[in-house]
Student: 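This is the structure I want to talk about, given as structure tokens.
All of these numbers come straight from a predicted model, not from anything done at the bench.
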Amino acid sequence: MGAAVKTMDTVSHDITYLLYWDDESIPIEANMTLGSHLENDLMVPGEDVSEYHVRIDQSERGPVFIPLGDATLNVNGHEYDMPIQTIIGDVVSIGQVTMQIGVEIERPSEAQSWTLHADRGDQSYLLGGETSVGRSEEAQVSIRDEHISRHHARFVEHDGFIWIQDLRSANGTKVNDLPVQGGCRLFHGDYVSFDKLRFQVIGSGEDLTPIKHFPNALAPTTHRAPKPKHDTTEFVPIEGSVASEITEVAVQNAQAATIKEAGAFLIGASTAVEGQIFQLQVGENRIGRHINCNVLINDTTVSSEHANINVRPEGVNIINLMATNGTKVNGENVTSAKLADGDVVRFGRVSMVFKDIPPSNADDHPLLRRMQKSVLAGILGLGILLLIIVLV
């Protein structure tokens, strides 16, 4: 197929996501880029493919395709110019090139079966293969509510693993109160909402923590959803639990902090990281609790790979990586957002202030210094040429 693939470290999970392209299966790797330029991790030919067209982020929930610049991509027949979460079986098109998402099982699933339990009433549904959700009478999970789309969402079960996908419903699908753009993997104990109707996904297996479901009662908002063994992130109702963790004074101090060098920085503004300064490198910066993250935050409400901050000459962008407790910028939940100097960013219950320090003068900027040297060299060369002409 004429593709050039560079080797990177893959995200280690119990499953590996793959791209099926022609007769090849290509492992999806963390932060891999796709485009027509040879420097991409996967080169995709085509006149309608940008040099750097798409970047793929990975989290415990699955691959997230992020169009770069003005690029778009097509997933299951729909165009997107924003980050889109993908699941097994999705068909992704970049220009005229079409690929499909697959998986390779690294370790058997701990769940032998999956059940969907309604928070209201005693309804329960066995989830196997593909299970449709919607207002339609043909849906396997038929919800006769005017706020539910006829074809609202679907569950996909494969070899004991399970995913959910929103079918571009009018009122959306959420997992643990976070909106789903596309689809994502589910874990034992996750809460799934279709509009305002809430359900819980429960796996059945010897090694899974038993969950006692209480019918005829709505789960209280302070309930902590059980998490699987491979995800120890503490699920918390952020608004109610962290007011004492973040002080206005700490935020103001972080916003007013004096930094003597140019660049992009995160400054701690809550008790876990207050006063700490993290310099962001040009390119990708992974934020999370995992030891390999660029910005390591040791707090139980921060996911192992929580967010990604991309520092580029044209600006700085933050992307939520399907973190359990979400990512906020100035109090608003974000999937992807552009950061500006002074913005308050929250990961779980940890708040930090983003600082963008421009060079104070041209001498402080390596790129400008190189440009100055090139201009001076050009002027000197032109002067020597004129002198030679005069002497001749």
Student: Do you know which two heavy atoms are closest between T16 and P27, and how far apart they sit?
Tutor: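 Scanning both residues, the minimum pair turns out to be CG2-CB, 4.4 Å.
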
Student: Run the side chain to side chain donor-acceptor pair (under 3.5 Å) test against E130 and tell me which residues pass, sequence neighbours left out.
Tutor: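 Result, side chain to side chain donor-acceptor pair (under 3.5 Å) vs E130: R154.
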
Student: Hey, is the main chain of N325 close enough, under 3.5 Å, to the side chain of H306 for a donor-acceptor pair?
Tutor: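 Flag not set: sc H306 to bb N325 has no pair under 3.5 Å.
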
Student: Measure the OG-CG distance between S303 and L321 for me, rounded to the nearest 0.5 Å.
Tutor: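 CG of L321 is found 9.0 Å from OG of S303.
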
Student: Quick one: closest heavy-atom pair of W21 and M43, and the distance?
Tutor: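 Where W21 meets M43 most closely, the heavy atoms are CH2-O, 3.5 Å.
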
Student: Report yes or no: do M82 and I319 belong to one cluster of Ile/Leu/Val/Met/Phe/Trp/Tyr joined by side chain heavy-atom distances under 4.5 Å?
Tutor: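 Result: no, two separate clusters.
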
Student: Within a strict 4.5 Å, meaning less than it, do heavy atoms of the E157 and L127 side chains meet?
Tutor: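 Answer no - side chains too far apart.
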
Student: Please check this pair: side chain of Q123 against backbone of A118, looking for a donor-acceptor N/O pair closer than 3.5 Å.
Tutor: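 Between the backbone of A118 and the side chain of Q123 there is no qualifying donor-acceptor contact (under 3.5 Å).
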
Student: More than 12 non-hydrogen atoms from neighbouring residues, nucleotides or ligands closer than 6.0 Å to CD on Q96, yes or no?
Tutor: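 Result for CD/Q96: open.
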
Student: Kindly indicate, with the supporting measurements, whether the criterion side-chain contact (heavy atoms from CB on, under 4.5 Å) is fulfilled by Y17 and E104.
Tutor: CA-CA 6 Å; Y17 288 89; E104 183 176 275; over 6 Å; no

Student: Does a salt bridge link E305 with R289, judged by any charged N lying under 4.0 Å from a carboxylate O?
Tutor: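 Not counted as a salt bridge, because no side-chain N and carboxylate O are separated by less than 4.0 Å.
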
Student: Which pairs would a plain distance check flag for residues 88-95, meaning a side-chain donor or acceptor within less than 3.5 Å of a matching protein atom at least two apart in sequence or in another chain?
Tutor:
{"from": "D90", "atom 1": "OD1", "to": "N76", "atom 2": "ND2", "distance (Å)": "2.8"}
{"from": "D90", "atom 1": "OD1", "to": "Q165", "atom 2": "NE2", "distance (Å)": "2.8"}
{"from": "D90", "atom 1": "OD2", "to": "I87", "atom 2": "N", "distance (Å)": "2.9"}
{"from": "D90", "atom 1": "OD2", "to": "Q165", "atom 2": "NE2", "distance (Å)": "3.2"}
{"from": "S93", "atom 1": "OG", "to": "T98", "atom 2": "OG1", "distance (Å)": "3.1"}

Student: Same cluster or not: V97 versus L42, using hydrophobic residues (I, L, V, M, F, W, Y) connected whenever any side-chain heavy atoms lie under 4.5 Å apart?
Tutor: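 Per the 4.5 Å side-chain linkage, V97 and L42 are co-clustered.
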
Student: Indicate yes or no for a side-chain donor-acceptor contact from S50 to the backbone of Y52 under 3.5 Å, with no hydrogens or angles considered.
Tutor: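 Looks like no, no N/O pair under 3.5 Å.
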
Student: Scan for salt bridge (charged side-chain N to carboxylate O under 4.0 Å, His left out) pairs involving residues 308-319, sequence neighbours excluded, and state none if there are none.
Tutor: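 Qualifying pairs, neighbours excluded: E284-R312.
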
Student: Is there a side-chain contact between T324 and L178 in this structure, where contact means two heavy atoms from C-beta onward sitting under 4.5 Å apart?
Tutor: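 Sidechains of L178 and T324: no contact.
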
Student: Any ion pair linking K196 and D119 (charged N to carboxylate O, less than 4.0 Å)?
Tutor: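 Looking at D119 and K196, the cut-off is not met.
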
Student: Starting at CG of L186, measure out to CG of D190 and round the result to the nearest 0.5 Å.
Tutor: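 That separation rounds to 5.5 Å.
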
Student: Would R286 and D57 pass as an ion pair if we require N to O under 4.0 Å?
Tutor: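 The answer is yes: the pair qualifies as a salt bridge.
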
Student: Can you measure from CD (E24) to CG (L19) and round to the nearest 0.5 angstrom?
Tutor: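 Taking CD in E24 and CG in L19, the distance rounds to 11.0 Å.
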
Student: With sequence neighbours excluded, tell me which residues meet side chain to side chain contact (heavy atoms under 4.5 Å, CB included) with S36.
Tutor: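 In terms of side chain to side chain contact (heavy atoms under 4.5 Å, CB included), with neighbours along the sequence ignored, S36 is linked to V49, E51.
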
Student: What distance do L167 atom CG and I164 atom CD1 have between them, rounded to the nearest 0.5 Å?
Tutor: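 Output value for this atom pair is 9.0 Å.
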
Student: I'd like to know if F354 and V302 are part of one continuous hydrophobic network [Ile/Leu/Val/Met/Phe/Trp/Tyr, side-chain heavy atoms within less than 4.5 Å].
Tutor: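 Linked, V302 and F354 end up in one cluster.
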
Student: Indicate if L18 and W163 have the same hydrophobic cluster label, given that clusters are the connected sets of ILVMFWY residues with side-chain heavy-atom separations under 4.5 angstrom.
Tutor: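 Different hydrophobic clusters.
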
Student: Write down the atom of D177, the atom of S193, and the distance for their closest heavy-atom approach.
Tutor: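 Looks like OD1-OG, 4.5 Å.
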
Student: Quick one: side chains of residues 333-344, donor-acceptor pairs under 3.5 Å with protein atoms, not counting sequence neighbours, listed by atom name and distance.
Tutor:
{"from": "D341", "atom 1": "OD1", "to": "D356", "atom 2": "N", "distance (Å)": "2.9"}
{"from": "D343", "atom 1": "OD1", "to": "N330", "atom 2": "ND2", "distance (Å)": "3.0"}
{"from": "D343", "atom 1": "OD2", "to": "A340", "atom 2": "N", "distance (Å)": "2.8"}

Student: If you take all heavy atoms of V180 and D166, which pair is closest and at what distance?
Tutor: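 Closest approach of V180 to D166: O-CB, 4.2 Å.
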
Student: With a 4.5 Å cut-off on side-chain heavy-atom distances among I, L, V, M, F, W and Y, is there a chain of contacts connecting V350 to L280?
Tutor: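 Yes, same cluster.
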
Student: Report yes if some heavy atom in the side chain of H158 is under 4.5 Å from a heavy atom in the side chain of V103; otherwise report no.
Tutor: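 Yes - at least one pair of side-chain heavy atoms lies under 4.5 Å apart.
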
Student: Going by heavy atoms in the side chains, are Y125 and H117 under 4.5 Å from each other?
Tutor: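 Heavy-atom side-chain distance check fails, nothing below 4.5 Å.
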
Student: Looking at N176 and Y191, would you say the former's side chain and the latter's main chain have a donor-acceptor pair under 3.5 Å?
Tutor: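 Answer holds: yes.
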
Student: Check whether any side-chain heavy atom of R346 lies under 4.5 Å from a side-chain heavy atom of V329, and answer yes or no.
Tutor: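 Answer no - side chains too far apart.
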
Student: Quick one: list whatever passes side chain to side chain donor-acceptor pair (under 3.5 Å) with S25, sequence neighbours left out.
Tutor: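 Testing S25 for side chain to side chain donor-acceptor pair (under 3.5 Å), a comparison that skips the adjacent residues, returns none.
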
Student: Considering only heavy atoms from C-beta outward, does the side chain of I309 approach that of I287 to under 4.5 Å?
Tutor: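 In short, these two side chains touch, coming nearer than 4.5 Å.
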
Student: Roughly how far apart are T33 OG1 and N40 CG, rounded to 0.5 Å?
Tutor: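 The OG1 atom of T33 sits 4.0 Å away from the CG atom of N40.
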
Student: Measuring only between side-chain heavy atoms, which start at C-beta, is N308 closer than 4.5 Å to I318?
Tutor: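 No, their side chains stay 4.5 Å or more apart.
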
Student: Report the residues that fulfil ring pair (Phe, Tyr, Trp, His ring centres under 6.0 Å) with F199, sequence neighbours left out, ordered by chain and then residue number.
Tutor: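 Result, ring pair (Phe, Tyr, Trp, His ring centres under 6.0 Å) vs F199: F194.
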
Student: Using atom types as modelled, flag every donor-acceptor pair under 3.5 Å from a side chain in residues 62-75 to any protein atom, sequence neighbours excluded.
Tutor:
{"from": "T72", "atom 1": "OG1", "to": "E79", "atom 2": "OE1", "distance (Å)": "3.1"}
{"from": "N74", "atom 1": "OD1", "to": "G77", "atom 2": "N", "distance (Å)": "2.8"}
{"from": "N74", "atom 1": "OD1", "to": "H78", "atom 2": "N", "distance (Å)": "3.3"}
{"from": "N74", "atom 1": "ND2", "to": "E79", "atom 2": "OE2", "distance (Å)": "3.2"}

Student: Using only atom types and a distance under 3.5 Å, with no angle test, would you say the side chain of W114 pairs donor to acceptor with the backbone of G160?
Tutor: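 Checked: pair present.
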
Student: Within 45 degrees of the ring normal and closer than 6.0 Å to the centroid, is that where the cationic atom of R185 sits relative to F161?
Tutor: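 No, cation not above the ring by the 6.0 Å, 45° rule.
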
Student: Between S270 and S351, is there a donor-acceptor pair closer than 3.5 Å when you use the side chain of the first and the backbone of the second?
Tutor: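 The answer is yes, because a donor-acceptor pair under 3.5 Å joins these two groups.
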
Student: Sub-3.5 Å donor-acceptor pair from the side chain of E106 to the main-chain atoms of D14, do we have one?
Tutor: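 Here the side-chain-to-backbone pair does not exist.
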
Student: Has the side chain of N320 got a donor or acceptor atom that lies under 3.5 Å from a matching backbone atom of A307?
Tutor: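 Looks like no, no N/O pair under 3.5 Å.
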
Student: Tell me who clusters with I277, hydrophobic residues only, linked when side chains sit under 4.5 Å apart either directly or through other members.
Tutor: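 I259, F265, I267, I357, all in the cluster of I277.
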
Student: Just by modelled atom types, is the I28 backbone N or O under 3.5 Å from a matching donor or acceptor in the Q58 side chain?
Tutor: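 Here the side-chain-to-backbone pair exists.
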
Student: Sequence neighbours excluded, which residues qualify as side chain to side chain donor-acceptor pair (under 3.5 Å) partners of Y80?
Tutor: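 If we apply the side chain to side chain donor-acceptor pair (under 3.5 Å) test to Y80, skipping adjacent residues, the hits are R168.
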
Student: Treating D299 as the side-chain partner and T301 as the backbone partner, does any N or O pair qualify as donor plus acceptor under 3.5 Å?
Tutor: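 Yes, D299 side chain to T301 backbone: donor-acceptor pair under 3.5 Å.
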
Student: Can you name the nearest heavy-atom pair linking A139 to S132, along with the distance?
Tutor: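 Between these two residues, the closest heavy atoms are CA-OG, 3.3 Å.
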
Student: For R349 and T300: C-alpha separation, side-chain torsions, deciding distance, then whether side-chain contact (heavy atoms from CB on, under 4.5 Å) applies.
Tutor: CA-CA 9 Å; R349 66 182 168 205; T300 55; 3.4 Å; yes

Student: Looking only at side chains, do N310 and N285 share a donor and an acceptor under 3.5 Å apart?
Tutor: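 There is no such pair (donor and acceptor under 3.5 Å, judged by atom type) between the side chains of N310 and N285.
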
Student: Which residues pass the side chain to side chain contact (heavy atoms under 4.5 Å, CB included) test with S136, not counting sequence neighbours?
Tutor: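 Partners of S136 by the side chain to side chain contact (heavy atoms under 4.5 Å, CB included) criterion, ordered by chain and then number, come out as E138, R150, H151.
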
Student: Taking side chain as C-beta onward, heavy atoms only, is E261 less than 4.5 Å from Q279?
Tutor: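 Answer yes - side chains close enough.
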
Student: Excluding sequence neighbours, so at least two apart, what forms side chain to side chain contact (heavy atoms under 4.5 Å, CB included) with Q112?
Tutor: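 With neighbours one apart ignored, the set is empty.
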
Student: How many angstroms lie between atom NE2 of H152 and atom CG of D145, to the nearest 0.5 angstrom?
Tutor: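 Rounded to the nearest 0.5 Å, the NE2-CG separation comes out at 10.0 Å.
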
Student: So which atom in N171 and which in H147 form the shortest heavy-atom distance, rounded to 0.1 Å?
Tutor: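 Scanning both residues, the minimum pair turns out to be ND2-O, 2.8 Å.
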
